[in-house]
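What follows is a short report on a single structure.
Keep in mind the model is a prediction, meaning the values are calculated, not measured. Below, chain A is the first sequence line, B the second, and so on; all start at residue 1.
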Amino acid sequence: MPDDFTATEMMTVAAARALRDGVSCFVGIGLPSAAANLARATHAPNVALIYESGAIGTKPDVLPLSIGDGELSETADTVVSVPEIFRYWLQGGRIDVGFLGAAQIDKFANINTTIIGDYANPKVRLPGAGGAPEIAASAGEVLITLKHSKRAFVEKLDFVTSVGHLDGGDARARAMLPGRGPAAVITDLGILTPDPETKELTLTHRHPGATVEQAQDATGWALKVAHSVAETPAPTAEELTALRDLNARTAAAHRKSEAA
Amino acid sequence: MPDDFTATEMMTVAAARALRDGVSCFVGIGLPSAAANLARATHAPNVALIYESGAIGTKPDVLPLSIGDGELSETADTVVSVPEIFRYWLQGGRIDVGFLGAAQIDKFANINTTIIGDYANPKVRLPGAGGAPEIAASAGEVLITLKHSKRAFVEKLDFVTSVGHLDGGDARARAMLPGRGPAAVITDLGILTPDPETKELTLTHRHPGATVEQAQDATGWALKVAHSVAETPAPTAEELTALRDLNARTAAAHRKSEAA
Amino acid sequence: MANITTLREAVGSLIEDGHTIAMEGFTHLIPFAAGHEVVRQGKRDLTVIRMTPDLIYDQLIGMGCVRKMVFSWGGNPGVGSLHRFRDAVEQGWPHRLEIEERSHADMANAYAAGASNLPFAVLRGYVGSDLPRYNENIRTIECPFTGEQLTATPALRPDVAVVHAQQADRAGNVLMWGIVGVQKEAVLAAKAAIVTVEEIVDELDAAPNAVILPHWVVTAVCKVPHGATPAYAQGYYGRDNAFYRAWDTIARDRDMFQDWMRHHIVEAADFADFRNRLRLSTGGEKVHA
Amino acid sequence: MANITTLREAVGSLIEDGHTIAMEGFTHLIPFAAGHEVVRQGKRDLTVIRMTPDLIYDQLIGMGCVRKMVFSWGGNPGVGSLHRFRDAVEQGWPHRLEIEERSHADMANAYAAGASNLPFAVLRGYVGSDLPRYNENIRTIECPFTGEQLTATPALRPDVAVVHAQQADRAGNVLMWGIVGVQKEAVLAAKAAIVTVEEIVDELDAAPNAVILPHWVVTAVCKVPHGATPAYAQGYYGRDNAFYRAWDTIARDRDMFQDWMRHHIVEAADFADFRNRLRLSTGGEKVHA
């Protein structure tokens, strides 16, 4: 077992593992994209990756820097229009898993990617919603991956961009949301899953080298901790090799395109 | 000038002439298709023909027997889905002229292609609406071509499938219909155009050999006749040759496909 | 998840009596082989949806498979009437046929709404038409911004969609080209989908932005060469216009229709056998699929 | 009816101060050359619509061309912030920027509604999101069949749509492939459309069902090779990721931004000249268009 890996690598591997083979996955850019493509390169060769740019069944050999890279289109089964991808595929209920990042998250896995501070008078203007509100609502389930910090894991979001479990319990069902909502939040310290009843995020796994206390300290509310917190299995040699190869191919491709 | 032509040839030529060059034309099957393609073969080489099957800018060399023949698709600029053709192109206001046939028509050029007799207990069940209600509503203007007879030109339609000028006057504008409605009805006896004020169909042209009386006798209401009824110029040699070539190519192609 | 199987198995396991089914294909790629299989398996009490019922539903109606039909243009294209449809509506033979009649624009939008998991579609439709008087499913809706009145129509959500396409690969990804009608929408609007194809290939040689149904939205893929006959499959064979004309005679008479259906379809083992029987009965030679 | 002309002429004659314009292209085929021309001609008081404002609108905002922006994701893809956008929203520089913020699904549907000549679109959107609190144009509508509450959003109907495509023919028919985004919808939703293309060819070698804009829905076609740089044009050139990263530095500082814009865009004769200036300023050689 390799003992030398970074926290980001552990996070990416853990996020990749959360994606079951054979599902259709609507992929957000950044960490979700790395995790989804790592999953495809390892245990989930038959995952169907869909990007909001319209690429369906895409099999990129390198990680896209943007959501609409040529690599996505060239390796896709087909590329449809953006209205079609949101109407027929996401809203149409054809997506099993939505894979999202976030700037802020609360204890019910609602997320903010819009604004820090007041909307009319913002401290930091973030990029905004993109596809997330409808991915969060309509995908069969949602995986979220982001780094653990008090700035990100907050008691109260400055702005709810996309729903998690609202205020918990059966709130999603009452709101008639089509999907089941966040199934896991994968950070660089561990894995949080919603409590089956209350839907409050609960630390169920800590990554090797990370402690429950670290996770609690990096959370802006009193983090619920499972009765027994498992240690995430460390990345296997195969996983690490696949991830590093993917990153190396990506870096080489981007250097090459810049030299062209 | 050729003096030997049939009433159907005259009707087709007159209908073709009604189509200005350079317009986009949504073409119904049958007589409208023959007329539109004759127009393209003669004075209107730059007409853009659109069929409800999704073919845009199609240039068939033979007349399609059905609205979705392979010839339409193979010679088209592109073929889009049927939802797209109705949403973006017809409803979207991109069609200058709709070219329709009919089973029954009334004095305001409303048409019936649904039923003869009572809807629940019909005497003759006709094919139905197809694309006509929305073509009649949304195309910039509408041309209608059908044979003149008391059975077809009726005082009261058994069923209004698609609107002409409703009950006349500014009824279309009051109904907020996007298009201007029927601009001409071309029959085997002559041409009828709506009165500028009342919108009642008025005989403005009689074809060579046809009389005003014949048209009146073949109309199920007291047909309004223009102060001065012009004689439609007979088909030119070029028009007749083009039409007969088109029909000959069509017959040969259909024989060939049946022998294959 | 597409199961590559026989048409008999797909129709037998997916289409049940009482189901709502949509067999689409706009002139092009009409899934006739699947229609025959429904007849052979004696399905009953079906609600059948199709913009242009064409001969495929004329056959189902005449054989008594259909309780209700949702449609927008019920003729024999380029020829005239669908006599079995007319006989059912005008004379109630073989039994009363319930109809729900819409326009092409309505149905195209309603399939798109179904594919989009919306309960209804909005269109500028039917103004001045009598159709809404006879179809309570055609309603109005007000724009919350402008106050304009528009048409609302319920989404189409069949139990099973059936379409024909040119090719599938071995995973069950489907490729079609040419006139593609509402096939993608029908498949995505349905709970299950059967796709018959001309051939199964190792690799789809698809253009960028080609019309593809990924295997994970298709329930069953069945290889049925010539499966759209007498309609056509672009790149494979043309429309059999002579058959469309001959149908006018066959379908006009109840006895002739029943004899023809029994001999050519009901007693045929499968679609290849149908094609042989048809070839023999029209003086041609036996063909091998 | 497409007029094949220069970009200067097209922007000059079709885009007016105060207009609502949509420059679309989803990562791929972003019409940067046209954006530069709008800057050079000093257009003012524009309402600009774009799902992903990207660098093209960061430039327009920073140069003071924009009164209001309608958008759904305002970042530098793969890099981080759009600093000119943030500076306008956070500090009101160079002046206050009005924003109307939606989601991708909303904007995609709203363009499709515009292309369909509908006043609004219906979607399952925004449930539980705070966005409707800050955008009064996000409303609810009730399904007249099921009573369900859905989201209604006003159609997008720009005065002018601007897109970039791979090819046009001499009549002005436009062909694009790869990621086609909402370009067709933006063009069909608009009153006028400018299309810049990589090349003008004698004949478009289009696949069946290719994405084509017929010449009669395009107002002006302008040949601008590399006109999507630093975005990419599939089949022609890749995305200039280094430029996207460099932009983070250029745009972070008001003075540096202004100097850069003046030297590279405002004082450039056209897009070919911009490309030369850029090549020279980054140590490369002069290129010939």
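Taking every heavy atom of both residues into account, B:Glu74 and C:Gln234 meet most closely at CG-NE2, 2.7 Å. Nearest heavy-atom pair, C:Ala108 versus B:Phe86, reported as atom, atom and distance to 0.1 Å: CB-CD1, 4.4 Å.
The line from NE2 of C:His104 to CD1 of B:Ile135 is 8.5 Å long, rounded to the nearest 0.5 Å. Expressed to the nearest 0.5 Å, how far CG of B:Leu157 lies from CG of C:Asp130 amounts to 8.5 Å. To the nearest 0.5 Å, atoms CD1 (B:Ile85) and CZ (C:Phe26) are separated by 10.0 Å. Atoms CZ and CG, on C:Arg245 and B:Leu65 in that order, are 6.0 Å from each other to the nearest 0.5 Å.
Both the backbone and the side chain of C:Leu123 have a heavy atom closer than 4.5 Å to some heavy atom of chain B. If you measure heavy-atom distances from B:Ala175 to chain C, the contacts under 4.5 Å come from both the backbone and the side chain. Of the two parts of C:Tyr111, neither the backbone nor the side chain holds a non-hydrogen atom closer than 4.5 Å to a non-hydrogen atom of chain B. Within the 4.5 angstrom heavy-atom criterion, atoms from both the backbone and the side chain of B:Asp69 approach chain C. For C:Tyr244, no part lies under 4.5 angstrom from a heavy atom of chain B. There is no contact between B:Glu84 and chain C, counting heavy-atom distances below 4.5 Å.
Of the listed residues (B:Pro122, B:Ser73, B:Gly130), the one with the most heavy-atom contacts under 4.5 Å to chain C is B:Gly130. Most heavy-atom pairs under 4.5 Å with chain B, from the set C:Arg124, C:Met107, C:Arg102, C:Met51: that is C:Arg124. Options C:Asn76, C:Ile99, C:Leu82, C:Val127 differ in how many heavy-atom pairs under 4.5 Å they form with chain B, and the most are formed by C:Val127. Of the residues considered (C:Gly178, C:Gly92, C:Gly181), C:Gly181 shows the highest number of contacts with chain B, using heavy-atom pairs under 4.5 Å. Per-residue counts of heavy-atom pairs under 4.5 Å with chain C were compared for B:Ser162, B:Gly117, B:Pro178, B:Gly128; the largest is that of B:Gly128. In terms of non-hydrogen atom pairs under 4.5 Å with chain C, the most contact-rich of B:Leu177, B:Val163, B:Val160, B:Thr161 is B:Val160. Comparing C:Asn109, C:Asp106, C:Val180, C:Val79 by how many heavy-atom pairs each has under 4.5 Å with chain B, the most go to C:Asn109. When each of C:Ser129, C:Ala233, C:Ala112 is scored by its heavy-atom pairs under 4.5 Å with chain B, the top score falls to C:Ser129. The candidate with the highest count of non-hydrogen atom pairs below 4.5 Å against chain C, out of B:Ser53, B:Ser81, B:Ala132, B:Ala136, is B:Ser53. Between chain B and the options C:Ala105, C:Gly78, C:Pro77, heavy-atom pairs under 4.5 Å are most frequent for C:Ala105. Interface check for chain C: of the options B:Ala129, B:Pro83, B:Ala76, the most heavy-atom pairs under 4.5 Å are formed by B:Pro83. Among the candidates B:Ala171, B:Ser138, B:Gly131, the residue making the largest number of heavy-atom pairs closer than 4.5 Å to chain C is B:Gly131.
Of the possible donor and acceptor atoms, none in the side chain of C:Tyr134 sits under 3.5 Å from a partner among the backbone N and O of B:Tyr119. The main-chain N or O of C:Tyr126 is found under 3.5 Å from a side-chain atom of B:Glu134 such that the two form a donor-acceptor pair. When atom types are taken as modelled, the side chain of C:Ser103 and the backbone of B:Pro133 share no donor-acceptor pair closer than 3.5 angstrom.
Other residues, nucleotides and ligands contribute only 12 or fewer heavy atoms inside 6.0 Å of the NZ atom of B:Lys156. Applying the 6.0 Å contact sphere to CZ of B:Arg244 captures more than 12 heavy atoms from other residues, nucleotides or ligands. When the shell of 6.0 Å around CZ of B:Arg151 is examined, it contains 12 or fewer heavy atoms from other residues, nucleotides or ligands.
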*Verify side-chain contact (heavy atoms from CB on, under 4.5 Å) between B:Val124 and C:Arg86, making sure each step is shown before the conclusion.*
CA-CA 8 Å; B:Val124 182; C:Arg86 281 187 58 181; 3.3 Å; yes
_Working for side-chain contact (heavy atoms from CB on, under 4.5 Å), residues C:Leu131 and B:Phe159_ = CA-CA 8 Å; C:Leu131 278 161; B:Phe159 191 99; 3.8 Å; yes
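Ion pair C:Arg239/B:Glu71 not flagged as a salt bridge, since none of the NZ, NE, NH1 or NH2 atoms sits closer than 4.0 Å to an Asp/Glu carboxylate oxygen.
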